[in-house]
Amino acid sequence: MTPDSALFTAMAVVNLEGDLLDQGEFTTWLTLWQPDGLYVVPIDPQETDFKNTLNYACDDHHMREKRVKRLYSGESISTTPRARTLRTLSRFRVLEATDDQIVVRGAQSLWEHRKGHSRHYAADITWQLQRHGESWLIEQKVIRLVNSDDVLHSIGYIL
């Protein structure tokens with residue numbers, strides 16, 4: 001895999017993921033994941049041992065499904081009404097690439113609007129993608145919020 005093809009492949013997956021989340025297509029979003037994949041939003045922006053530290057989220061397959069179910073159900077006050085989001089993704093850099101795996105880092109600016117209020121979250125995100133036949137699935141996504149050590153309000157949706 002060439003650096004250009006790795007970057008193009010990673011950007012295609014990452015942009016698809018962002019579009020699915022912004023459009024509320026959470027069930028389809030689940031299909032982008034390896035079953036043993038990990039969705040992480042650490043509190044400490046330097047943390048690497050996610051399973052042994054406190055995080056805003058550290059979701060395996062089961063927890064991602066529960067998160068999606070909660071977003072669709074309307075059972076949680078933090079998800080009713082569902083926030084409208086808009087992700088702007090940029091500054092992609094391939095950190096590693098083989099024929100079967102791509103690790104890419106990028107920036108995300110997320111605008112969330114709900115109940116007449118808007119919030120903005122900026123983050124460095126690292127996606128680890130794994131080849132699955134002819135397609136690529138997310139093996140790990142780590143969202144390092146710029147303000148992760150501040151008080152965060154209602155991040156009940158998927159970053």
Side-chain angles (χ1 to χ4, degrees), residues 7 10-34 36-73 75-96 101-130 136-159:
L7 181 60
M11 288 174 64
V13 173
V14 167
N15 284 321
L16 173 60
E17 181 199 27
D19 183 66
L20 292 173
L21 292 173
D22 285 342
Q23 299 306 314
E25 298 177 37
F26 306 121
T27 302
T28 304
W29 174 76
L30 288 171
T31 68
L32 294 180
W33 286 84
Q34 288 277 15
D36 60 346
L38 200 59
Y39 167 84
V40 183
V41 184
I43 294 171
D44 179 351
Q46 303 303 315
E47 188 58 64
T48 58
D49 185 9
F50 307 120
K51 291 186 178 183
N52 293 306
T53 56
L54 184 62
N55 303 284
Y56 288 112
C58 188
D59 294 357
D60 59 9
H61 178 72
H62 176 70
M63 291 304 293
R64 285 190 306 273
E65 284 184 326
K66 288 182 82 166
R67 186 176 297 275
V68 166
K69 182 179 178 187
R70 187 181 77 244
L71 286 168
Y72 280 136
S73 72
E75 295 172 4
S76 171
I77 192 147
S78 67
T79 61
T80 306
R82 184 174 70 81
R84 295 187 60 212
T85 60
L86 179 64
R87 288 160 179 77
T88 302
L89 301 160
S90 63
R91 201 198 70 221
F92 295 106
R93 177 180 170 207
V94 174
L95 302 177
E96 298 175 34
Q101 185 178 53
I102 302 170
V103 179
V104 65
R105 184 172 54 217
Q108 174 177 279
S109 179
L110 172 69
W111 288 94
E112 173 249 349
H113 184 79
R114 187 169 66 92
K115 295 183 181 179
H117 300 283
S118 293
R119 290 192 174 91
H120 177 245
Y121 297 102
D124 278 313
I125 302 181
T126 304
W127 292 266
Q128 186 171 321
L129 308 175
Q130 185 76 35
W136 291 82
L137 298 178
I138 302 168
E139 187 171 30
Q140 181 171 282
K141 178 181 179 182
V142 180
I143 302 105
R144 296 181 189 283
L145 292 165
V146 171
N147 62 338
S148 63
D149 50 2
D150 291 346
V151 175
L152 299 180
H153 301 279
S154 73
I155 56 170
Y157 48 87
I158 300 166
L159 296 167

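To the nearest 0.5 Å, atoms CG (L38) and CG (D59) are separated by 8.0 Å. Separation of atoms CG (D60) and NZ (K66) is listed at 10.0 Å; rounding is to 0.5 Å. Taking CZ from R87 and CG from L20, the interatomic distance works out to 10.0 Å, rounded to the nearest 0.5 Å. Rounded to the nearest 0.5 Å, atoms CG (L21) and CG (L86) are 12.0 Å apart. The CD1 atom of I102 sits 13.0 Å away from the CH2 atom of W127 when rounded to the nearest 0.5 Å. For the atom pair SG of C58 and CG of N52, the computed distance is 9.5 Å after rounding to the nearest 0.5 Å.
Residues forming a side-chain hydrogen bond (donor to acceptor under 3.5 Å, both in side chains) with W29 (at least two apart in sequence, or on another chain): E17. Partners of E25 by side-chain hydrogen bond (donor to acceptor under 3.5 Å, both in side chains), not counting sequence neighbours: none found.
Between I138 and L129 there is a side-chain heavy-atom pair separated by less than 4.5 Å. Residues Q130 and L137 form no side-chain contact, since every pair of their non-hydrogen atoms from C-beta on lies 4.5 Å or further apart. Looking at heavy atoms from C-beta onward, I143 lies out of side-chain contact with Y56 at the 4.5 angstrom threshold.
Remark: the backbone N or O of H113 is not paired with any side-chain donor or acceptor of R84 at under 3.5 angstrom. At distances below 3.5 Å, at least one donor-acceptor pair connects side-chain atoms of R64 with backbone N or O atoms of G37. With hydrogens and angles ignored, the 3.5 Å screen pairs no side-chain donor or acceptor of Q34 with any backbone N or O of D36. No donor-acceptor pair under 3.5 Å is formed between the side chain of R119 and the backbone N or O of E112. At distances below 3.5 Å, at least one donor-acceptor pair connects side-chain atoms of N55 with backbone N or O atoms of T53.
The minimum heavy-atom distance between P45 and R144, with the atom names listed, is O-NH1, 2.8 Å.
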Please test E139 against Q128 for side-chain hydrogen bond (donor to acceptor under 3.5 Å, both in side chains), starting from the C-alpha separation and ending with a verdict.
-> CA-CA 5 Å; E139 187 171 30; Q128 186 171 321; 2.9 Å; yes
Are V14 and F92 close enough, and set up right, to give a side chain to side chain contact (heavy atoms under 4.5 Å, CB included), and what steps lead you there?
-> CA-CA 10 Å; V14 167; F92 295 106; 3.6 Å; yes
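Under the salt bridge (Lys or Arg N to Asp or Glu O under 4.0 Å) rule, D124 has a single partner from R91, K141, R105, which is R91.
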